[in-house]
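Structure first, then comments.
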Amino acid sequence: MAPSVPAQPAVPTAPYGTWPSPIAAALAAAHDGRPEYLGTVGAEVWWTEPRPDEGGRRTLVRRPADGGPAAPALPAPWNVRSGFTEYGGRPWAGRERGADEGPLIVFTHFADQRMYAYEPDAPGARPRPLTPLAAIGAGLRWVDPVLREGAVWCVMEEFTGPAPTDVRRVLAAVPLDGSAAEDRSAVRELTDDRHRFSTGARLSPDGRQAAWLVWDHPRMPWDGTELLLAEVTAEGGLTGVRTVLGGPDEAVAQVEWAADGSLLAVSDRGGWWNPYRVSPTGGAPVNLCPREEEFGGPLWKPGLAWLAPLAEGTVAVLHGQGSSVLGLLDPETGDLVDAAGPWTAWQPALAAHGTRVYGVAASPRSPYEVVELDTASGHARPVATEGGGRRPGPVDPAYYPEPQSRTFLGPDDHEIHAHVYPPHHPTLRAPADELPPYVVWAHGGPTDHVPPVLDLHIAYFTSRGIGVAEVNYGGSTGYGRAYRERLREQWGVVDVDDCAAVARALAAEGTADPRRLAIRGGSAGGWTAAASLAATDLYACGTVIYPVLDLTGFAAETHDLESRYADGLAGPPETLAVRCRDRSPLARADRITAPFLLLQGLDDAVCPPAQAERFLAAMRGRSVPHAYLAFEGEGHGFRRADTLVRALEAELSLYAQTFGFARGDVPRLELRA
């Protein structure tokens, strides 16, 4: 007689959407954001890091040369963040000094947009201003600095009139002695303003040459940029400026100098962002690693770094399709060896010193954290400190979702890339006859992408029984120039269709409940979400976050950087009115019948609240349940913990009411017709 097998206890069941979860909105808010703008000051590593519970400020974190614990280098209220083009950019730089002096740091403080100098090891050290005082949103802004002798070289943004496009940008030298703090004329302009946009200069190892990137309207930096090279004069000026790479149809994303004085650049001239060696004296650029992979990305902000040269000649690079890995490239042979580790995505924030490479990486089991690679041993590890690499505290990782990276087919058989996060709970399952609700997430940009990594905002929903599908629709980066050009003049069509194709595929295969599909997105993703509600009855509801809602209004009201973005996304000005009528959620508000939640920052200069207000006026009297939450002190991208909590809980309440399940742990969102 066979021995009896003990019966396994039945797994408890509960309807999707009702599962309890330890991933509270406050926890997700506390860990929102990620480290940025890594740099080395001698053997020390510095970076900026968000503090949602301190009003959303970004602090400057310092990890000492001995590898000891990292700690904030500046207390509240110092906020190390530039307002340059509204999106910011690299806000700090530093250099090593004598052993008794400690490092010298310069940074931009967000509240007044002044640049400051700071000697953290000096007795009684306090930041001292280097640039004139100007009101935020006007006057002067500074970004992408580098220290050169007695000055800070950086990009200066100067507003010259009341319109968002009344602005000029030049390379400038700010004296370190503080003489420009009260005297604007002490700032020395190094270039003219014939180029609309510019990154900061990169100085050659011998200090005799400078290289930087420029571009002009109507191009965006992923359409076409130019790599400029100039000689540095004995007086600290620039002469002999010339273009050595790039053009209207070639996007150069980064330029750096190698230790041997050669010039390295990331260009998409072959259809993919690859690393090139560029001769300062002329000749064809040489592709150092020709692959159908991206070694670069969209240059939304000055100071992004996808490659970092090492002193011995190798180059640390980020590369891949959709997601990136860290590799070490031999520029002489083209050999590329990837670093081992669990990380599935890296941010463009590479820095190097000696044999060490530093970056910001995440995986499906860990959020973005500062990672150190020892190239001598090949060992990579997170910087496990209080200041950097913050992990989400005492949450059982069993509650984290497992992303599935998938490729779907659109109506014309084109590929659509997406990451699917099924509902997941370690101790509960849903009844066998129930299909889960799903929310399709459309990322911002739209020239951007999302990788498959741990995001507590996603885990907030999946651990409660709501699936999430993040769609890298046509126009996304990470898959070559041809894929991102699918969106050219098709914004509001390709993105909407691709998101719908993924939602329908999940429903058709039995993964998602076709009656409980939703769409959400922020910024450009907010446009896609709202346009989707107007274009189809596929979704039961939607969450629309600081969105574009009106094409012509966006072109007229947004900031300078994106004031001509619609030319490529929807068409030139002469056709914009027609495209606006056919695609804009504002113009098609009468087609929206599904409930929605609209979230807006009142200080948003990219997607001003006037768009949301016009949209709500168009919806008035249409008997469509909706809610509008506007947040004072928030701009484009929420940063404050209380805002993030309110937004997440409101979104969950919307889904509970629409999908038909009870949630007693969040305030009920009042939906009004």
### Task
Give a yes or no on this: more than 12 heavy atoms of other residues, nucleotides or ligands lie within 6.0 Å of atom CD of E632.
no
#### Entry: Side-chain heavy atoms of T528 within contact of S532, under 4.5 Å
yes
### Message
Please identify which of these residues, T643, L644, L648, meets the side-chain contact (heavy atoms from CB on, under 4.5 Å) condition with D32.
### Response
L644
### Message
Ring of Y483, cation from R486 - is the NZ or CZ under 6.0 Å from the centre and inside 45° of the axis?
### Response
yes
### Task
Please lay out, stage by stage, how Y399 and H424 fare under the test ring pair (Phe, Tyr, Trp, His ring centres under 6.0 Å).
CA-CA 7 Å; Y399 286 89; H424 173 73; 7.9 Å; no
### Query
Does NZ or CZ of R34 lie under 6.0 Å from the centre of the six-membered ring of W346, at an angle within 45° of the ring axis?
no
### Message
Quiz question: by atom type and distance under 3.5 Å, do the side chains of Y655 and T543 form a donor-acceptor pair?
### Response
yes
### Task
Under the ring pair (Phe, Tyr, Trp, His ring centres under 6.0 Å) rule, what do F295 and W306 come out as? Steps first, then yes or no, please.
CA-CA 7 Å; F295 289 73; W306 293 267; over 10 Å; no
## Note on the structure
For residues 594-611, the side chain to side chain donor-acceptor pair (under 3.5 Å) pairs (sequence neighbours left out) are D604-H636
### Task
Return the set of residues passing side chain to side chain donor-acceptor pair (under 3.5 Å) with H417 (not counting sequence neighbours), or none when no residue passes.
none
### Query
F84 ring centre to R141 NZ or CZ under 6.0 Å, with the angle to the axis within 45°?
no
### Query
Is any NZ, NE, NH1 or NH2 atom of the basic residue among R484 and D448 found under 4.0 Å from an Asp or Glu carboxylate oxygen of the other?
no
### Query
More than 12 non-hydrogen atoms from neighbouring residues, nucleotides or ligands closer than 6.0 Å to CZ on R622, yes or no?
yes
